[in-house]
Amino acid sequence: DTRTPKGCQARINVGDGTLLALATVGNSEIAVGGTDRSLFVFDVRKRTQLHRIPGIVKYEITAVCASRVNTKAVYVTSLDHEIAMIDYTRKSASHLARHSLRGENR
């Protein structure tokens with residue numbers, strides 16, 4: 001348990017941009033994203049970064065949501081309404097299980 005009567009116990013810098021989205025993933029992990037277009041996964045209990053996946057979407061990440069079916073999958077949406085499903089446990093970006101959908105009204 002990392003809660004203390006003094007409030008914040010540790011601060012972790014996330015990329016170069018502004019944090020815009022956060023979701024809980026698993027028991028002790030959070031996934032965050034923002035203006036730098038990268039997805040970060042942190043272990044809250046250990047206060048360490050587990051994964052960083054850069055350039056998931058073309059524009060800023062506006063929302064992150066954990067999958068209820070696959071506990072290793074995260075859905076990421078961006079400013080241009082692109083939705084990407086990411087298996088964040090993959091070690092290499094070239095082997096990343098990534099599926100993108102784009103909603104356009106043309």
Side-chain angles (χ1 to χ4, degrees):
D1 193 2
T2 59
R3 289 176 280 166
T4 64
K6 296 179 182 179
C8 181
Q9 197 172 48
R11 294 187 189 271
I12 301 172
N13 291 333
V14 179
D16 297 330
T18 303
L19 176 67
L20 298 176
L22 180 139
T24 58
V25 181
N27 292 331
S28 65
E29 298 172 355
I30 59 170
V32 298
T35 57
D36 65 349
R37 302 180 304 122
S38 297
L39 179 73
F40 296 88
V41 179
F42 293 97
D43 187 330
V44 177
R45 291 182 185 158
K46 296 178 183 177
R47 290 180 240 140
T48 57
Q49 177 181 319
L50 299 176
H51 306 282
R52 178 182 184 270
I53 306 168
I56 294 173
V57 288
K58 188 175 179 181
Y59 295 102
E60 294 89 358
I61 294 174
T62 56
V64 177
C65 180
S67 173
R68 293 181 183 177
V69 177
N70 183 356
T71 58
K72 299 175 183 177
V74 175
Y75 297 97
V76 176
T77 61
S78 69
L79 199 59
D80 66 341
H81 307 291
E82 181 179 1
I83 300 170
M85 185 192 78
I86 307 297
D87 182 353
Y88 67 87
T89 59
R90 302 292 177 137
K91 299 294 181 189
S92 172
S94 63
H95 295 96
L96 189 66
R98 174 194 270 163
H99 304 284
S100 293
L101 303 170
R102 183 167 285 185
E104 298 187 27
N105 52 356
R106 293 183 186 182

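When reading the values below, keep in mind they use all heavy atoms of this one structure, side chains included, and skip hydrogens, waters and symmetry mates.
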Could you state whether Leu20 and Leu39 fall into the same hydrophobic cluster, counting links through intermediate Ile, Leu, Val, Met, Phe, Trp or Tyr residues with side-chain heavy atoms under 4.5 angstrom apart?
no

Is Phe40 linked to Val44 within one hydrophobic cluster, defined over Ile, Leu, Val, Met, Phe, Trp and Tyr using a side-chain heavy-atom separation of less than 4.5 Å?
yes

Pair up each side-chain donor or acceptor in residues 65-76 with any protein partner under 3.5 Å, not counting sequence neighbours, and list the distances.
residue	atom	partner	partner atom	Å
Ser67	OG	Val69	N	3.2
Ser67	OG	Asn70	N	3.2
Asn70	OD1	Lys72	N	3.0

In chain order, what residues pass the side chain to side chain donor-acceptor pair (under 3.5 Å) check against Ser28, with sequence neighbours excluded?
Asp43

The criterion is side-chain contact (heavy atoms from CB on, under 4.5 Å); which residues satisfy it with Ala21, sequence neighbours excluded?
Ile61, Val64

With sequence neighbours left out, write down each residue that passes side-chain contact (heavy atoms from CB on, under 4.5 Å) with Thr62, or none if nothing qualifies.
Thr77, Leu79

Between the CD atom in Glu60 and the OG1 atom in Thr18, the distance rounded to the nearest 0.5 Å is 9.5 Å

Suppose we screen for side chain to side chain donor-acceptor pair (under 3.5 Å). Which residues come up paired with Glu29, at least two apart in sequence or across chains?
Tyr88

Tell me if a side-chain donor or acceptor on Arg37 pairs with a main-chain N or O of Ile56 at a distance below 3.5 Å.
no

Closest approach of Val57 to Tyr59 (non-hydrogen atoms, all atoms of both residues)
CG2-O, 3.1 Å

